[in-house]
There are 2 protein chains.
Amino acid sequence: MDQNKIPQATAKRLPLYYRFLNNLHHQGKLRVSSKELSEAVKVDSATIRRDFSYFGALGKKGYGYNVEYLLGFFRKTLDQDELTEVAIIGTGNLGTAFLHYNFMKNNNTKIMMAFDANPEKVGKDIGGVPIYHIDELEEKINGVQVAILTVPASVAEGITNRLVDVGISGILNFTPARITVPDSVRVHHIDLAVELQALVYFLKHYPLNTEE
Amino acid sequence: MDQNKIPQATAKRLPLYYRFLNNLHHQGKLRVSSKELSEAVKVDSATIRRDFSYFGALGKKGYGYNVEYLLGFFRKTLDQDELTEVAIIGTGNLGTAFLHYNFMKNNNTKIMMAFDANPEKVGKDIGGVPIYHIDELEEKINGVQVAILTVPASVAEGITNRLVDVGISGILNFTPARITVPDSVRVHHIDLAVELQALVYFLKHYPLNTEE
DNA sequence: GATAAGTCGTGATTAAATTCACAATTATAT
DNA sequence: ATATAATTGTGAATTTAATCACGACTTATC
Ligand SMILES: NC(=O)c1ccc[n+]([C@@H]2O[C@H](COP(=O)([O-])OP(=O)(O)OC[C@H]3O[C@@H](n4cnc5c(N)ncnc54)[C@H](O)[C@@H]3O)[C@@H](O)[C@H]2O)c1
Ligand SMILES: NC(=O)c1ccc[n+]([C@@H]2O[C@H](COP(=O)([O-])OP(=O)(O)OC[C@H]3O[C@@H](n4cnc5c(N)ncnc54)[C@H](O)[C@@H]3O)[C@@H](O)[C@H]2O)c1
C-alpha cells in the first residue's frame, strides 16, 4: 500500500486534523498556521508540521497552509470519498447510543445494520438502521468491513470468531475482553472502564500545578 | 506524591492488569507468569515485567507472580479502597449509556449524580443516579472529583469553565471539542469518531500484521 | 525595493517506550 | 541429589515519537 512509512502516532492524529480543517473551511477561513492549529487541537506545532511533512510540502513558508488545499488533500488521504460500511454488534446501552449518533457528519463511515440476540430488539430499526438477529450475521453482513463490538464480554470471543470467519477487516472493541484475531484483522480496543480508572490514577499520583 | 517516576504508558496499563488479576483470582488461580498475562492482555511479556518492576520485585524467578499478592499490591497502588466520586454532564445517548452501566464492578469510582439542561430529564433518576438541572451544578457538585462530559460540543467549553471554577480535578471528555483547562485540571479525551476513522485509515493504509 | 515579521520544512537532538537477551533463581522430575 | 525447565528482573539495544532550533522563503509595510 502507498504510505506505510507514516508513523502510527501521526496516523492517529489525521482524523483530528481533518475535522478541524473542516470547521475552519465552514467558517470561511482561507489560511491557517501550524501555530493556530496547535492551539486548537492541543498538539505541539512542530509535531503538526512534522506530521504534515510526511505527505510532502503542503504549506508555504511565511504563509502557512491553504485551508481548502489541505482539506482536499486530507480528504483524499483519509479516503473520505470511499464509504466504509459498519455494523454494530449488540444494541444495548452503548450500541444504541452509537445507533442514535450520526458518525457520518465528517466521516466516510456508515452504520448499515446492527445485530442482537434479544428477540424484542430484533426487527426494529433505530435511526434508520435495521436490527437483525445475531443468527443472521453470516447471511446479512456482506459488504461490511468494520464491526463495532458492544456485546457482553462473555460472548465477545465467540462473536469475534464469527466475524473473522465472514471476513471482517476491522473491529472496534468496546468490551473488556481482549479478543484474539488472526493477523488479517485489525482490532482497536476502547476500554472505557480502564480509561476512567487511568484518569483517577493520574489524578492521585501525578501532581499537577495548583493555581486557579 | 509517591511514585511519579512511573512512565505514563505503564500507568495506563495498570487498570488492565488489575482487572485481569481480579478475574484470575475469582477463578481460583494462585500463580501467573508474565507469559500468560501477556497472552491474555495482549501486551508483550517483557513489557509486563518491566511495568511491574517499577514497583519493585513483585515476582519470583522461575515461579512467576502470586495472584493474590499481586492483586493486593495493585489494589493499594490503584487506590481501590478510596472512592472517587464522578458526575455525568449531559444525559443524552452516551451519558445515559454510562448511567446504566455499572462502573463499580472492578472499580473505585461511583457515579453520584448527573446534570442536563433538558427539563424533561431533570428530576428523574437513572439507575439510582439523580439528574439535576445544569443550573444547579455549582450547588450540588460538592465532593465530585471527576466529570464525564457528554454534552454537545458547542457547550463543552462553557461547561468546562464552570467545572474548573467549582474545583473539579479531572474531566473525561467525550465531545469532539478540545477544551482548555488550567494546569490544575487533567483532561483525557476519548474521541469516538476519531477512533473509528483512525481504524479505517489503518485498514486501508497499513498492510495487516501487527495488532495494536 | 529594502526591511521586518511570520512561517514552513527538516536535520539534529532528546525523550519515551519497547524489546532483546541473559544471568540468577526457583520449581519439578527422576 | 542432580539435571532440566521455567521464569524473573534488568542492562543494553532498538524503535518510535516529540521537540529544538534554524535556514529558506513569503508576505506585509514603509
Ligand atoms: N455502557 C457502558 O457505559 C459501558 C462502559 C464500559 C464498557 N462497556 C462494555 O461494553 C459492552 C456493552 O455494554 P452495554 O452497557 O451496552 O451492555 P448491554 O448489556 O446494555 O448490551 C449488550 C447487548 O448485547 C446483546 N447480546 C447479548 N448476547 C448477544 C449475542 N450473543 N449476540 C448479539 N447480541 C447479544 C444484548 O441483548 C444487549 O442488547 C459490554 O461488554 C460492557 O462491558 C459498556
Ligand atoms: N453518541 C455517540 O455515539 C457519540 C459518538 C461520538 C461522539 N459523541 C459526542 O458525545 C457528546 C454527547 O453525544 P450524545 O450522542 O450523547 O448527544 P445527545 O445530544 O444525545 O446528548 C447531549 C445531552 O446534553 C444535554 N445538554 C445540552 N446542552 C446542555 C447544557 N448546556 N448543559 C447540560 N446538558 C446539556 C442535552 O439535553 C442532551 O441530553 C457529543 O459531543 C457528541 O459529539 C457521541
Side-chain angles (χ1 to χ4, degrees), chain A residues 3-14 16-17 21 24 29-71 73-74 77 189 198 201-202 205-206, chain B residues 3-14 16-17 21 24 29-71 73-74 77 189 198 201-202 205-206 209-212:
Chain A
Q3 55 242 333
N4 66 339
K5 65 245 170 200
I6 286 157
Q8 300 225 350
T10 295
K12 287 189 185 170
R13 285 187 290 263
L14 297 181
L16 196 58
Y17 298 146
L21 287 170
L24 287 181
K29 277 211 90 185
L30 299 179
R31 58 185 263 191
V32 66
S33 68
S34 61
K35 188 151 163 285
E36 284 173 275
L37 264 168
S38 170
E39 278 152 23
V41 301
K42 319 277 187 208
V43 172
D44 185 89
S45 70
T47 300
I48 291 177
R49 293 199 300 282
R50 173 79 62 201
D51 283 348
F52 288 2
S53 77
Y54 292 115
F55 299 96
L58 303 177
K60 263 196 217 155
K61 297 178 179 184
Y63 174 85
Y65 301 89
N66 178 293
V67 171
E68 193 156 5
Y69 175 76
L70 202 54
L71 188 62
F73 184 85
F74 276 119
T77 301
H189 296 273
Y201 181 80
F202 277 104
H205 296 269
Y206 290 71
Chain B
Q3 55 241 337
N4 64 340
K5 66 246 170 200
I6 286 157
Q8 300 225 348
T10 296
K12 287 188 186 168
R13 285 187 290 264
L14 297 182
L16 196 57
Y17 298 146
L21 287 170
L24 288 182
K29 276 210 89 183
L30 299 178
R31 59 185 261 191
V32 66
S33 69
S34 61
K35 187 151 164 287
E36 284 174 275
L37 263 167
S38 170
E39 277 151 24
V41 301
K42 319 279 186 205
V43 172
D44 185 272
S45 69
T47 300
I48 291 176
R49 293 199 300 281
R50 173 79 63 199
D51 282 348
F52 288 1
S53 78
Y54 292 116
F55 299 97
L58 303 177
K60 263 197 218 158
K61 296 179 179 183
Y63 173 85
Y65 302 88
N66 177 294
V67 171
E68 192 157 6
Y69 175 76
L70 203 54
L71 188 62
F73 185 85
F74 277 119
T77 301
H189 296 272
Y201 180 81
F202 277 103
H205 296 269
Y206 288 74
N209 48 1
T210 30
E211 196 199 305
E212 196 214 337

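A note on names: the letters A, B, ... follow the listed sequences, proteins ahead of strands, and every chain is numbered from 1.
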Discussion item. Output one letter per nucleotide in nucleotides 10-19 of chain D: B when a protein non-hydrogen atom lies under 4.0 Å from the base, S when only the sugar-phosphate is that close, - when neither is.
Written reply: BBB----SSB
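- With sequence neighbours excluded, the residues that form a salt bridge (charged side-chain N to carboxylate O under 4.0 Å, His left out) with B:R13 are B:D51.
- Classified by interplanar angle (parallel below 30°, tilted 30° to 60°, perpendicular above 60°), the ring pair B:F52/B:Y17 is perpendicular.
- Within the 3.5 Å criterion, the main-chain N or O of B:I6 finds no donor-acceptor partner in the side chain of A:H205.
- The CD atom of B:E39 lies 10.0 Å from the OG atom of B:S34; values are rounded to the nearest 0.5 Å.
- Look at CZ on B:F55: it is 13 Å from P on D:dG9, rounded to the nearest Å.
- More than 12 heavy atoms of other residues, nucleotides or ligands lie within 6.0 Å of NZ in B:K29, so this atom counts as buried by the packing criterion.
- Two residues are said to be in side-chain contact when any heavy atoms from C-beta on lie closer than 4.5 Å; B:Y201 and A:K12 fail this criterion.
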Discussion item. Only Watson-Crick and G-U wobble pairs with both distances less than 3.5 Å should count. Give DNA chain C in dot-bracket notation, marking inter-strand partners with |.
Written reply: ||||||||||||||||||||||||||||||
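- With rounding to the nearest 0.5 angstrom, the CG atom of A:L24 is 10.5 Å from the CG atom of A:L30.
- If you check residues 58-66 of chain B against DNA chain C, the residues with a heavy atom closer than 4.0 Å are B:K61, B:G62, B:Y63, listed by number.
- Between the side chain of B:T47 and the backbone N or O of B:V43 there is no donor-acceptor pair closer than 3.5 Å.
- Taking atom CD1 of residue B:I48 and atom P of nucleotide C:dT19, one finds them 11 Å apart after rounding to whole Å.
- Considering all non-hydrogen atoms of both residues, A:F202 and B:A11 come closest at CZ-CB, 3.8 Å.
- Shown here is A:K42, whose NZ atom has more than 12 heavy atoms of other residues, nucleotides or ligands within 6.0 Å.
- Taking atom NZ of residue B:K12 and atom P of nucleotide C:dT18, one finds them 10 Å apart after rounding to whole Å.
- Residues B:S38 and B:I48 are in side-chain contact: their nearest non-hydrogen atoms beyond the backbone lie under 4.5 Å apart.
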Contacts under 3.5 angstrom, residues 55-70 of chain A side chains, donor-acceptor by atom type, not counting sequence neighbours:
from: A:N66; atom 1: OD1; to: A:E68; atom 2: N; distance (Å): 3.0
from: A:N66; atom 1: OD1; to: A:Y69; atom 2: N; distance (Å): 2.8

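- Between the B:E36 side chain and the B:S33 main chain, a donor and an acceptor come within less than 3.5 Å of each other.
- The stretch residues 29-40 of chain A has no heavy atom under 4.0 angstrom from DNA chain D at all.
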